[in-house]
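Structure record follows, encoded as C-alpha cells.
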Amino acid sequence: MKDEILKVIKESVDSLEFPGIPTGTEFEVSVPKRKEFGDFSTNTALVIGSMTGENPREVAKRIVAAIEKRQSTFIEKLDIAGPGFINFFVNKTLFESELREILRLGGQYGASREGSGQKVLVEFVSANPTGYLHFGHARNAVVGDSVCRILSFCGYEVTREFYINDAGRQMDMLGESVYSALARLSGLAREIPEDGYHGEYISELAGEIRESEECPEVPGDEPEAVEFCREFAYSKLLEEIKTDLLDLRVDFDNWYSERTKIHGRGAAKGKIGETLARLEDIDAVEEKEEACWFKASLYGDGKDWVIIKKDGAPTYFLSDIAYHMDKYSRGFSWIINVWGADHHSHVSRLKSSMKALGLDESSLQVLLMQFVRLVRDGVEVPMSKRTGDFVTLREVLREVGCDATRFFLLMRSSDSHLDFDLSLAKKESSENPVYYVQYANARISSLLRNSAEAGVGASEEHLGLLSDDEERNIVKILLRFPDVVHSAAESLSPHKVVYYLQELAAGFHFYYNKTRILDSEDANTASARLYLARCVQVVIENGLGLLGINAPRSM
RNA sequence: GUCCCCGUAGCUCAGUUGGAUAGAGCGCAGGAUUCCUAAUCCUGAGGCCGCAGGUUCGAAUCCUGCCGGGGACGCCA
C-alpha cells in the first residue's frame, strides 16, 4: 500500500525533472500520528528543497500538481502542510483491500523476503557451563532468540549458536571446586579454592558423584578424580542450561564446543594453531615480556593484547579469533553476537583481528546488552555470581512464568539498563502490561466463538460498512506492522515489536469498549467488524510469535 | 586518564538515519458496565527532552564542551 504511494511520488518527481536530484534518491512515506495529516505523508518536497535550494512548499506545489495530473483512483485528497509535507488522504477501498490482504497472508502477514538468500549467524547466551544460568543471562537469551525469530520472518536463513566455553581455566576451577566438595563429603579437611565456585550446586554435584557407581576413590589419584569431577559437572550443568533455555522457549541449532572444535587434540593443534600461524604469517604478532601479543593497535584497536600467555597457554582472545574465523569460513554474510555490556572492550579488538585477517569486519555486529537489575517491591535483589548468591533463571521462571519473563526482558531497548520488577511481573492484574496484549487477543477469540454460535461470521463482503474513525485508526495501525518488523530487524530491536503490540492492543480495547461488534446495527456490519477483529488477531499473533510469547485464546 | 551506554512527566521508559502540537505504562484525582471477557475503557493534573554553545528553513535527535549515573579498560573467561 505504501509502495503504491511511493510509486506515484517517484513517477511524479521523475516527470518534473528536478535538476541535481540523483535517480534513486530515497523519499520517506510514513503514516502520520495525527489524522489531520492524512493517511500517508511524505517528506519528498523537503528532501528535494534541501538539495536544490528551492522553497520546499513551492516544490510541494509542483509535485502535488504532477500527482493530480496522473489521476490516481485511490487518492482522494492531497494537502501541503507545515514546512512542505505532502499529505495523502486515500480512498477507503484501499484500506479494504489491505484488510483482505492481511487475512489472505495470515501468519505470513508482516513477513518479507528482504533477507532472502542471506545466511545469518546469531551467537547468544554462550554462558560458561560452570553453573546454573542466572537471571542476567535471561535478557541475552530472550533478546537473541527474538532477534532470530524476527530475522527469520524477514527471510534470512538464521543459524542459532551457543558457544560453549568448555576449555580454559574456569573448567579446571569447576573440577577443583567439585572435587573439594567431594573430599569434604569424604571427611577430608578441604576448602573450595578462593577463586573457585561456591554455590550450593557444587556440593549437590559432589553428592551426586558420591552416589554414582563411578565415583572415584577419595583420597586416591587426585588429578584423575578432579578430571572426573570436572567432566561430570560439565555434562550435568550443560544439560541444566539446556533445560532452562527450553523452559524459556529458547532453542539452538548448534552447540559449538570450544574444546572440540577450536582446540582439537594435542598442543597447538586444531584451529588455535592455524589461527596463530595465520597471524604470524601476516606479521600481526610479536613476542614481548615472554608472551605473545596480537598487534591490535595496527588494525584499529587502542592497544595490543596477549594471545599466548607466559605459561604457553592460549588466552580466551585467541580462541575467540579462531572461533570467529571459523564463523566467517562457514559462509555467513551477517554475523551477530549478543554480548553483555561488560564485554564491550572485546568488540573493537575482535574486529581488529578480523580486519588483520583480511575479513570484512563490518559484517560482524555485536549487540551489547546493558545490565538487568532485579527489583522486588522497589528493592534491588543482589545478583553476585562470586558468592554463589545469585538469582537463577529457573527461580524467576517458576515465579513469574515464561510469557511475563520474556515480555519484560524484551520491553526495553538493549542499550538501556533494565529494571525487572518481580512483583509487577507476577501480578495478574491491569498493572501488568503482558496481559494487556494477550487479553486483546483473548477477547477477539471470544468474539469469534460467540459469533459462530450466533451464526454470524467474519466476512470481507461488507468491509465498505466500516467507517468509524476508530476502525480506520485500527487499519492504519495494522498496516504499519510490516514497517515495524522491518525496522526491528534492521536495528535488532525486538522492543519495537513490544511497543507496537501495546499500541495495537490499546486501539482494539478502545474500539471494543466503544462499539458493539456482535450486536451491530445489522448482520452485514457485524460481519465486517468481525473481519477487522480477526485481522487484529492475526497481527497480534504474528507479533507475539516474534517475541516468543503465547497468544492464548481465552484468559 | 581512555573507551562504551544512559540522562525525556513523580517512577519505569519509547521516540534519537534532523521534520508538523514530544508519547506510553505505572502512580495520583475523578468517572464508565441492565448488553460481545472490567486482566477493559474515558477524563484530568503532571515537561527549561541534564547544562551551555554550535550546525540550518527546522534539533529531544547531529557536532563540541561540561555535569551526573552505570560499565569496561588483568598474561580471567
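Sequence lines set the chain letters: A, B, ... in the order given, protein chains first and strands last, and positions in each chain run from 1.
Take the nearest nucleotide of RNA chain B for A:Trp293 and for A:Ser554: the residue whose nucleotide is more 5' is A:Ser554. Between A:Gly168 and A:Phe371, the one whose closest nucleotide on RNA chain B sits nearer the 5' end is A:Phe371.
Between the side chain of A:His344 and the base of B:rC5, no donor-acceptor pair of N or O atoms lies under 3.5 Å. Not a single donor-acceptor pair, N or O on each side, falls under 3.5 Å between the base of B:rA77 and the side chain of A:Asp166. Residue side chain A:His417 does not reach the base of B:rG70 through any donor-acceptor N/O pair under 3.5 Å, judged by distance alone. Judged by distance alone, with hydrogens and angles left aside, A:Arg516 brings a side-chain donor or acceptor within reach of the base of B:rC35, the pair sitting under 3.5 Å.
The residue A:Phe510 sits close only to the backbone: its heavy atoms come under 4.0 Å of sugar-phosphate atoms, none of a base. Among the protein residues, A:Ser413 comes within range of the sugar-phosphate backbone only, with heavy atoms under 4.0 Å from sugar or phosphate atoms but none that close to a base. No contact: A:Ser491 has no heavy atom under 4.0 Å from any strand. Looking at heavy-atom distances under 4.0 Å, A:Gln438 makes no contact with the nucleic acid at all. Residue contacts for A:Ser416: at a heavy-atom cut-off of 4.0 Å it reaches the sugar-phosphate backbone alone, with no base atom in range. Within the nucleic acid shown, A:Arg57 has no heavy atom closer than 4.0 Å to any nucleic acid atom. Contacts of A:Glu490 with the nucleic acid, taken as non-hydrogen atoms under 4.0 Å apart, are absent. In this structure, A:Arg553 reaches the bases: a heavy-atom distance under 4.0 Å links it to at least one base atom across the strands shown. Heavy atoms of A:Asn43 sit nowhere under 4.0 angstrom from any nucleic acid atom. Across all strands shown, A:Asn87 has heavy atoms under 4.0 Å from base atoms, whether or not it also approaches the sugar-phosphate. Using a 4.0 Å heavy-atom distance criterion, A:Tyr512 is classed as a base contact.
Contact annotation: A:Ser41 side-chain N/O to B:rA20 OP1/OP2 distance is not under 4.0 Å. For the pair A:Lys309 and B:rA77, the criterion of a side-chain N or O lying under 4.0 Å from OP1 or OP2 is met. At the phosphate of B:rG74, OP1 or OP2 sits under 4.0 Å from a side-chain N or O atom of A:Lys303. Within the 4.0 Å cut-off from OP1 or OP2 of B:rA72, not a single side-chain nitrogen or oxygen of A:Ser345 is found. Residue A:Arg443 has a polar side-chain atom (N or O) positioned under 4.0 Å from OP1 or OP2 of B:rA38. Applying the 4.0 Å criterion to OP1 and OP2 of B:rC4, one finds that A:His346 has every side-chain N and O outside that range. Taking side-chain N and O atoms only, A:Asn450 has a distance below 4.0 Å to OP1 or OP2 of B:rU37.
Out of B:rC36, B:rC75, B:rU40, the shortest distance to the side chain of A:Tyr439 is found at B:rU40. Side-chain proximity of A:Val306 to the nucleotides B:rG74, B:rC36, B:rC75 is greatest for B:rC75. Checking B:rU37, B:rC75, B:rC41 against the side-chain heavy atoms of A:Asn513 singles out B:rC41 as nearest. Between B:rC35, B:rC13, B:rC75, one nucleotide has an atom nearer to the side chain of A:Asp519 than all others, and that is B:rC35. The side chain of A:Asn128 approaches B:rA77 more closely than any other nucleotide in the set B:rA77, B:rU37, B:rG19.
In this structure, the OH atom of A:Tyr436 is 23 Å from the P atom of B:rU12, given to the nearest Å. The CZ atom of A:Phe408 sits 15 Å away from the P atom of B:rU12 (whole-angstrom rounding). Atom-to-atom, CG of A:Asp79 to P of B:rG19 comes out at 21 Å; the value is rounded to the nearest Å. B:rA38 atom P lies 11 Å from atom CZ of A:Phe508, rounded to whole Å. Between A:Glu286 atom CD and B:rC75 atom C1' there is a gap of 14 Å when expressed in whole angstrom units. Note: CG (A:Asn337) to P (B:rC4) measures 19 Å, nearest angstrom. Per the geometry, CG belonging to A:Leu518 stands 12 Å off C1' belonging to B:rU37, to the nearest Å. If you take CE of A:Met555 and P of B:rA38, they are 12 Å apart, rounded to a whole angstrom.
B:rU61 and B:rA20: their C1' atoms are spaced 15 Å apart (whole Å). Atom name P, nucleotides B:rA9 and B:rG23: the rounded distance is 14 Å, in whole Å. Comparing the same atom, C1', in B:rC62 and in B:rG18 gives a spacing of 7 Å after rounding to whole Å. Rounded to the nearest Å, the gap between the C1' atom of B:rA72 and that of B:rA77 is 15 Å. With C1' as the reference atom, B:rG47 and B:rC4 are 29 Å apart, rounded to whole Å. When the P atom is compared between B:rA52 and B:rA59, the two are found 15 Å apart, to the nearest whole Å. For the P atom pair drawn from B:rU12 and B:rG19, the interatomic distance equals 26 Å after rounding to whole Å. Spacing between B:rG7 and B:rC11 at atom P, rounded to whole Å, works out to 14 Å.
For B:rA24, the paired nucleotide is B:rU12, the pair qualifying as Watson-Crick or G-U wobble because both relevant distances are below 3.5 Å. Using N1 to N3 plus N6-O4 or O6-N4 for Watson-Crick, or N1-O2 and O6-N3 for G-U wobble, each under 3.5 Å, B:rU40 pairs with B:rA32. Nucleotide B:rU2 has B:rA72 as its partner under the Watson-Crick or G-U criteria, with both atom distances under 3.5 Å. The base-pairing partner of B:rA59, taking Watson-Crick or G-U wobble contacts with both distances under 3.5 Å, does not exist among the strands shown. In this structure B:rC51 sits in a base pair with B:rG65, meeting the Watson-Crick or G-U test at under 3.5 Å.
Using a 5.5 Å limit on the distance between ring centres and a 30° limit on the angle between planes, the aromatic ring of A:Tyr499 does not count as stacked on the six-membered base ring of B:rA14. In this structure, the aromatic ring of A:Phe85 is positioned over the six-membered ring of the base of B:rA20, centres within 5.5 Å and planes within 30°.
Taking the centre of each ring, A:His346 and A:Phe317 stay at or above the 6.0 Å mark. No close placement of the A:Phe124 and A:Phe162 rings is indicated, their centers lying 6.0 Å or farther apart. A distance below 6.0 Å separates the ring centres of A:His509 and A:Tyr436. In summary, the aromatic rings of A:Tyr323 and A:Tyr163 are positioned with their centroids under 6.0 Å apart.
Judged purely by atom type and a 3.5 angstrom limit, A:Ser493 has no side-chain atom pairing as donor or acceptor with the backbone of A:His495.
Using a 4.0 Å cut-off between a side-chain N of Lys or Arg and a carboxylate O of Asp or Glu, A:Lys261 and A:Asp166 do not qualify as a salt bridge. Salt bridge annotation for A:Lys295-A:Glu286: absent, with no cationic side-chain nitrogen under 4.0 angstrom from a carboxylate oxygen. Ion pair A:Glu521/A:Arg529 flagged as a salt bridge, since at least one NZ, NE, NH1 or NH2 atom sits closer than 4.0 Å to an Asp/Glu carboxylate oxygen. Comment: A:Glu123 engages A:Lys327 in a salt bridge, judged by a side-chain N to carboxylate O separation of less than 4.0 angstrom.
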Derivation of the salt bridge (charged side-chain N to carboxylate O under 4.0 Å, His left out) call for A:Asp419 and A:Arg373: CA-CA 5 Å; A:Asp419 281 352; A:Arg373 244 169 29 121; 2.9 Å; yes
